[in-house]
Amino acid sequence: MHTGTIDPATIPGGIDLGLTLESGQSYLWTRADGDGYTGDPDGSQWYTTVTRAAGAPPGGESREGDPRVLQVRERPDGGLDWRATMPAAALVRERLRLDDDLDAIAARAPSDPVIGAAFDAHRGLRLIDDPAYPTLIAFICSTQMRVARIHGMVTDLRRDLGDPVEFDGATVHAFPTPERLAAAGEDRLRELGLGYRAPYVAETARMVADGTHPADAAGMQYEDAREWLTRFVGVGDKVADCVALFALGFDEAVPLDTWIQTAIEERFPDCDRDSYAETSRALRDRLGPDAGYVQTYLFHHLRTAEAATAD
DNA sequence: TCCGTAAGGTATCAG
DNA sequence: CTGATACCTTACGGA
């Protein structure tokens, strides 16, 4: 086993690990004391994921290789501990985007009372940089679902169809390979509770298994990438934006979900256009170069209960 | 205990 | 190309 620590001085703006991993960006980590997403996040717990990459460019998780386990927890000093089946210091920095300067990002954000409140209320919330294919499947599952249940669905997929890996005396499961998901078939996926998403996941997994990989969008211009991603079954503009933002490093992407749509109507009505593409463009212009970061803070702020009394 | 509603939307089909 | 509708399942809140 490899272990390491990350000095808080090397994390500009700090990190709230539980918030970052349970804020609805990533569904690929589980908390040691349970499935997570069902209670208050707790960054002092070990969070575990399984990955096939050991340090890849954004969204460029290797498409083959043995699954490897990575665990991270928050230290009392604000730094991080990690444990893994491979050297992982660089991987942790990359996945949790520890080089992003949160204070600078907050300073660049537009001066708006709700945006300011969102940054103040959720210090240490970071964007994540997850592998593209599991993120694609997770967000196909996300339509018309609550955050906690999306995590439950992904966890069920892993447990039932993912390769088991031994680590520290326990068994954890990798995200199922595209081949395995495709082979499972629509009926099996319906049994796992995916509902009408089952055929979408099966068909998209088949496309990936046949060589059309979502990470291939990483080198495109942002709007081209979003459009290209919608070729996967079950992927419209919103899900494509989630993959672009949370897995492919397109920091300008602003997934227009129901929460953000409401925020647009109430806070930025002049950004409300006739199409997704035009509204997206207007909102990106309004939110600035870190539009994706601002969106993530807004989404989390609006979604949490305290937001109801914040404004 | 039971039922209506809504949950990080998308595919499909008219007009 | 734009607008309306069905869609699986589950976890809630109100009767």
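Since the model is a prediction, treat every value here as computed from it, not as a measurement. Order of the sequence lines sets the chain letters (A, B, ...), proteins ahead of strands, with each chain counted from 1. The figures that follow rest on heavy atoms only: side chains count, while hydrogens, waters and symmetry mates do not.
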Count the heavy atoms of every other residue, nucleotide or ligand shown that sit under 6.0 Å from CD of E179(A), and state whether that count exceeds 12.
yes
Below the 4.0 Å mark, does dA11(C) have OP1 or OP2 next to a side-chain nitrogen or oxygen of R146(A)?
no
Could you verify whether a donor N or O on one side chain and an acceptor N or O on the other, from E166(A) and T171(A), lie under 3.5 Å apart?
yes
Indicate whether the side chain of S26(A) and that of D130(A) have a donor and an acceptor atom separated by less than 3.5 Å.
yes
Between the base of dC8(C) and the side chain of R197(A), is there a donor-acceptor distance below 3.5 Å?
yes
Which whole-number value in Å describes the distance from M153(A) CE to dA7(B) P?
16 Å
Is it true that atom CG of D274(A) has more than 12 heavy atoms of other residues, nucleotides or ligands lying nearer than 6.0 Å?
no
Can you check the distance between dC8(C) and dC13(B), where both ends of the measurement are the P atom (answer in whole Å)?
14 Å
Residue matched to dT10(C) through Watson-Crick or wobble contacts both under 3.5 angstrom
dA6(B)
Once you apply a heavy-atom cut-off of 4.0 Å, does Y276(A) come out as touching a base, just sugar-phosphate, or nothing?
nothing
Residue mapping more 5' on DNA chain B - nearest nucleotide basis, P255(A) or V233(A):
P255(A)
Could you state the atom-to-atom distance from CG of D187(A) to P of dC8(C) in whole Å?
12 Å
Euclidean distance, atom CG of residue D156(A) to atom C1' of dT10(C) [Å, nearest integer]
13 Å
Distance, rounded to the nearest Å, where Y200(A) contributes OH and dA6(C) contributes P:
14 Å
Would the base of dG9(B) count as contacting Y196(A) through its side chain, where contact means a donor and an acceptor less than 3.5 Å apart?
yes
For a quick check of understanding: with a heavy-atom distance under 4.0 Å over all strands, which category does E191(A) fall into, base, sugar-phosphate or nothing?
nothing
Indicate, with a heavy-atom threshold strictly under 4.0 Å, whether G234(A) touches base, sugar-phosphate, or nothing.
sugar-phosphate
Starting from the C-alpha separation in whole Å, work towards a yes-or-no answer on salt bridge (Lys or Arg N to Asp or Glu O under 4.0 Å) for R286(A) and D270(A).
CA-CA 10 Å; R286(A) 174 63 65 89; D270(A) 54 306; 2.2 Å; yes
Just to be sure I understand the rule, does Q295(A) reach a base, reach only the sugar-phosphate, or reach nothing, if contact means heavy atoms closer than 4.0 Å?
base
Atom-pair distance (CD1 on I137(A); C1' on dT10(B)), nearest Å:
15 Å
Expressed in angstrom and rounded to an integer, what is the separation of E227(A) atom CD from dT10(B) atom P?
13 Å
Could you state the CD1-C1' distance from I140(A) to dG9(B), rounded to the nearest angstrom?
12 Å
Within this structure, what is the CD-to-P distance between Q144(A) and dT10(B), rounded to whole angstrom?
9 Å
